[in-house]
Amino acid sequence: MGERSRYDLVVRLALERGFFMPSSEIYGDAPAGFWDYGPLGVALKNRFIELWRRELVKRDDMLEIDGAQILSKSVFRASGHLESFVDPIAKCSKCKAIYRLDKLIEEKTGIHVPERASLEDMRKLVEEHGIRCGRCGGELTDFSHFNMMFRVGVGVAGLDAYLRPETCQSIFIDFLRIYKTMRRKLPFAIAQVGKSFRNEISPRQGLLRMREFYQAEIEVFFNPKKANDFAKADSILDYRLRLQPIGEDSIKDISCRDALKSGLISSKLVAYYLALIQQFYEKAGIPREKIRLRELDEDERAFYATEAWDLEVETSLGWIELVACNNRGEHDLGGHEKLSGQEMTVLDDGERVLPNVFELSMGIDRSLYCILENSLHLVDNRIILKLPPHLAPIQAAVLPLLSREPFTSEAMRIYRSLKQEFDVVYDASGSIGRRYARYDEVGVPVDITIDHQTLEDKTVTVRFRDSTIQLRVGESDLMNFLRDHLKIG
RNA sequence: GCGGCCGUCGUCUAGCCUGGAAGGACACUGGCCUUCCGAGCCAGUGAUCCCGGGUUCAAAUCCCGGCGGCCGCACCA
């Protein structure tokens, strides 16, 4: 299979079988970067989130919230997004080309433009060095900042507010009340699944880069002096991480214990959460060898991060960042404390500390793409979607061997008994082989066929998607069989 | 946002250069067949030809603008 064609196959399957589709697609003015999930896509997403809840939220006793998507301007003044979530731009007065101003100055003069440089500073540099449009030589004009947040006007007065560019700000602004009411001590984590919004200049590649997207974020609050006093980490010390630290160009397969000992990871707390997130993706069906935790150097890190590891998965499109694991230090609670005047310190062993934050910020849509691409296999030019059974949108198909009585009634009866507990479909249309193929394509892990023998001895044929092996299961054992087969491994 | 290529049934595409009734394959639906791995035969549904404007007796086709897609630049979960 060609490298590009894997992406095309996923998109084609998604459109044809209802996983996802471009939003507003019947209108010509549909802007890029917005996608709708269809029935199978929603089901897959829900199962993915179920797995996330189980393997991260429940496993680590996190508290889950669901915050508003529109937040006040002050939130983003405090978080730094109003000032820092921007690109400085300028336009050519002649050919209308738009430039990243800081990049243009650096390219023309070799002078490094610091993040904090004002537009006025940059305008001066442009004048001093006589920088003009790189393409036509025209004069540069319209110096401005392009902020990637969507601004919204609230109420009749059109009060300035913003769609959140990351879900985690909801966690930080709710932190104080949750801490006061939920009786937790440091360290503990707050988690959230929800939408975030970024006005990307050029969204592209389907689910990989959207303007409206789902994140599953976890913010771990901890005392920075105690990041190594972390007993929970004992359970993962022997687990092997796939690390690529700064300056390395290959992946080290190394136990958490050794990574800590050699100083590759800054603390037990960080090692523990990196282990949890890697284990999560392994359970989501991504093979270990396609996962890496790559450490970002200063230039690559977000403006709020002091230490950053990206969990990346290798696909036909290269390594894709699925989770940003950032040490945000006291950036967020400190920022909100300063602007709101609300003291954010908490008591920890008799000492007042401002909690630091380590986050696991997961892109859900991207993750689903990687799972789909990884699961997609071509056999005799037919798609077989080998999803882990516990992520399958449809868990079993109930099929009468022949589309006539008494097979149809028997199959319908079994379908009805199963659908109370499982997500199953009934299908009598087309030859049996055609139906097997139809459900292989959307990742149904087992097909249940009602055949001649069913009528004699109350057993059914169970046919496995990945191996096409068939076995006979008694009707009364079917529930237990399915529960077992759909269990998280 | 820029540059290159591109946009036709659900999907893949023919037609565009050289203007003149939108055709095929797969999928889907129904019928015959009565089946354990996309069987065969017959019939059928399904396309504002991305959108808008222009040229023309006539536009899927030529021209202009917009929107979208892919690749590259940049940015990012």
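In what follows, every chain begins at residue 1, and chains take the letters A, B, ... in the order their sequences are listed.
- Contact of E200(A) with rC76(B) (side chain to base): no donor-acceptor pair of N or O atoms is detected under 3.5 Å.
- Applying the 4.0 Å criterion to OP1 and OP2 of rC70(B), one finds that Y7(A) has a side-chain N or O inside that range.
- Side-chain rings of Y436(A) and F464(A) stay apart, their centers remaining 6.0 Å or farther from each other.
- Here the separation of rA21(B) from rU61(B), taken at their P atoms, is 14 Å to the nearest Å.
- Looking at heavy-atom distances under 4.0 Å, L322(A) makes contact with sugar-phosphate atoms alone, never a base.
- Here M210(A) lies in heavy-atom contact (under 4.0 Å) with a base.
- Checked against ring-ring contact (aromatic ring centres under 6.0 Å, His included), Y369(A) has the following partners two or more places apart in sequence or in another chain: Y7(A).
- The stretch residues 33-59 of chain A has no heavy atom under 4.0 angstrom from RNA chain B at all.
- You'll find the ring centres of F19(A) and Y37(A) outside the 6.0 Å limit.
- Screening residues 425-434 of chain A for side-chain hydrogen bond (donor to acceptor under 3.5 Å, both in side chains) gives D427(A)-R438(A), D427(A)-Y439(A) as the qualifying pairs, with residues at least two apart or on separate chains.
- For RNA chain B, the neighbouring residues in residues 399-406 of chain A, judged by any heavy atom under 4.0 Å, are L401(A), L402(A), R404(A).
- In terms of position along RNA chain B, the nucleotide closest to R435(A) lies nearer the 5' end than the nucleotide closest to the other residue of the pair A324(A) and R435(A).
- Counting only Watson-Crick or G-U wobble pairs whose defining distances are both under 3.5 Å, the stems of 3 or more consecutive pairs in RNA chain B are B:1-7 with B:67-73, B:10-13 with B:23-26, B:28-32 with B:40-44, B:50-54 with B:62-66.
- Contact annotation: Q453(A) side-chain N/O to rC36(B) OP1/OP2 distance is not under 4.0 Å.
- Distance check on atom C1': rC51(B) versus rU45(B) gives 26 Å, rounded to whole Å.
- A centroid separation of less than 6.0 Å is found between the aromatic rings of H452(A) and F407(A).
- Only the C1' atoms considered, rA58(B) is 46 Å distant from rA74(B), to the nearest whole Å.
- Between R416(A) and E410(A), no side-chain nitrogen of the basic residue sits less than 4.0 Å from a carboxylate oxygen of the acidic one, so the salt-bridge criterion is not met.
- Across the C1' atoms, rA77(B) and rG54(B) are found 45 Å apart, a figure rounded to whole Å.
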Do any N or O atoms of the protein come closer than 3.5 Å to N or O atoms of nucleotides 26-30 of chain B, and which pairs are they?
residue : atom : partner : partner atom : Å
rC28(B) : OP1  : R438(A) : NE           : 3.2
rC28(B) : OP1  : R438(A) : NH2          : 3.0
rC28(B) : OP2  : R434(A) : NH2          : 2.7

